[in-house]
S.K.: 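Here's a structure for you.
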Number of protein chains: 2
Amino acid sequence: MVASRELPSEGVIKVWARLLRAQRVALTGVEADLKTAGVPPLAWYDVLFELKKAGEGGLRPVELEGRLLLEQHNISRLVDRLVVAGHVHRRPCPTDRRGQVLTLTETGRKILRTMWPVYAGAIQRHVGSKIGTDEDVRALSLLLERLMSTRER
Amino acid sequence: MVASRELPSEGVIKVWARLLRAQRVALTGVEADLKTAGVPPLAWYDVLFELKKAGEGGLRPVELEGRLLLEQHNISRLVDRLVVAGHVHRRPCPTDRRGQVLTLTETGRKILRTMWPVYAGAIQRHVGSKIGTDEDVRALSLLLERLMSTRER
DNA sequence: TCCATTTTAATGCAGATGCATCTATAATGA
DNA sequence: TCATTATAGATGCATCTGCATTAAAATGGA
């Protein structure tokens, strides 16, 4: 892979530094807002939201892994905590006896409803209010999407 | 604060999601490259680099705190590890007997030199090669900078 | 079929982080 | 001056993450 031996330009290095820093600033701000409001942390929202999107059929841990980009052991323990808290139901998978199927419980659904207004306000406060026009929002969205892609340009 | 009660637009929510994800993808990629090369993690580089920039006079932990945006207790322990590893020298601060002054040791300088080529390659691989033109780099840099600012727009 | 390989999930252990608290010193100000 | 308050840094404890390993089940040939 030739490109991997190239050195980054000054501009790229700056983008890297700012990506780390902007994310950290925004994330710690949002997490702090959640904590202040007395609701669970972001990771819980992520799991619950994926399960809600998945609907009736629920999701298997291995599917969560792919969607949240978390390691297998982290999913395993995160789900543990959510099960203990009563927000997620875990039952054996009918088609694969190694696996399990996760679904939302009623309290899980309730947590999502409780968290969203807080979360949305935090996103607006720590991200939305910092960016300018809709056009800037679109531009940033597009550029960030490229960063996530696996292919080079 | 009125803006804090506004709800984020669809676009802003997407930016938030992509900011988290793009950063996670890039960061885990870079950390993995460092590990593969057998060099210390990013956090070590950050501290050592700040100390290098600070030069002769070194830095106090409280200054590192501001520059790296880490909590006081995290700085305290991170520095501990670097001192134990022999990369950082810690001596009492002459002007404030509560404090201390941190400077690079020779092996600390060496670690920086060893890490940079690996780190630079990783940045190019996981960030640089994903973005297109220099203009895109500039645009992304500018937009990310806005996110870090404390003021709203 | 049978065996090697791969996939799914859990877990023990070490390392890192968040939170609250503690000690020592410095700064403030009556 | 002395008492109050603020700041610098360390640390105990709980939680969370990373890493390696393990167990069980599924898959894919020969």
Side-chain angles (χ1 to χ4, degrees), chain A residues 20 23-25 27-36 38-47 51 58-85 88-103, chain B residues 20 23-25 27-47 51 58-85 87-103:
Chain A
L20 291 189
Q23 192 265 8
R24 186 176 322 183
V25 169
L27 180 60
T28 60
V30 168
E31 289 277 22
D33 285 3
L34 295 182
K35 176 152 308 195
T36 299
V39 299
L42 225 47
W44 286 33
Y45 189 89
D46 290 340
V47 171
L51 290 181
L59 280 181
R60 296 188 47 183
V62 68
E63 296 174 298
L64 269 180
E65 206 178 316
R67 298 178 198 212
L68 300 183
L69 302 185
L70 293 178
E71 313 277 333
Q72 179 268 319
H73 57 266
N74 286 330
I75 293 287
S76 178
R77 278 153 170 156
L78 182 50
V79 167
D80 267 355
R81 288 170 235 144
L82 284 162
V83 168
V84 168
V88 167
H89 180 66
R90 173 157 52 183
R91 63 185 162 78
C93 175
T95 64
D96 184 340
R97 281 160 57 200
R98 293 169 303 184
Q100 41 190 245
V101 176
L102 309 171
T103 49
Chain B
L20 290 189
Q23 192 266 7
R24 187 178 319 186
V25 168
L27 180 60
T28 60
V30 169
E31 289 277 22
D33 285 2
L34 295 183
K35 176 152 308 199
T36 299
V39 299
L42 226 46
W44 285 33
Y45 189 89
D46 291 339
V47 171
L51 290 181
L59 280 181
R60 296 187 47 182
V62 68
E63 297 174 297
L64 269 180
E65 206 178 316
R67 298 176 198 211
L68 301 183
L69 302 185
L70 293 178
E71 315 276 331
Q72 179 267 319
H73 58 265
N74 286 330
I75 293 288
S76 178
R77 276 152 171 157
L78 182 49
V79 168
D80 267 355
R81 286 170 237 143
L82 284 162
V83 169
V84 168
H87 304 326
V88 168
H89 180 66
R90 173 158 51 183
R91 62 185 163 81
C93 176
T95 65
D96 183 342
R97 279 161 56 200
R98 294 168 302 184
Q100 42 191 243
V101 177
L102 310 172
T103 49

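Note on naming: letters A, B, ... go to the chains in the order of the sequence lines (proteins, then strands), and numbering restarts at 1 for each one.
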S.K.: Taking only residues two or more places apart in sequence, or in another chain, which ones meet B:R98 in a salt bridge (charged side-chain N to carboxylate O under 4.0 Å, His left out)?
M.R.: B:D96
S.K.: Expressed in angstrom and rounded to an integer, what is the separation of B:L59 atom CG from D:dA8 atom C1'?
M.R.: 15 Å
S.K.: Sequence neighbours left out, cut at 3.5 Å: what donor-acceptor pairs do the side chains of residues 70-80 of chain A make with other protein atoms?
M.R.:
residue	atom	partner	partner atom	Å
A:D80	OD1	A:R90	NH1	3.3
A:D80	OD1	A:R90	NH2	2.7

S.K.: B:D46: what forms a side-chain contact (heavy atoms from CB on, under 4.5 Å) with it, not counting sequence neighbours?
M.R.: B:L68
S.K.: Can you measure A:L82 atom CG to D:dT15 atom C1' for me and round it to whole angstrom units?
M.R.: 14 Å
S.K.: Can you name the side-chain contact (heavy atoms from CB on, under 4.5 Å) partners of A:A85, sequence neighbours left out?
M.R.: A:W44, A:H87
S.K.: Sugar-phosphate means primed atoms, P, OP1 and OP2; the rest is base. With that split, encode nucleotides 8-18 of chain C 5' to 3' as B, S or - using protein heavy atoms under 4.0 Å.
M.R.: SBBBBB--SSB
S.K.: Applying side-chain contact (heavy atoms from CB on, under 4.5 Å), can you list everything that pairs with B:P94, at least two apart in sequence or on another chain?
M.R.: B:R91, B:V101
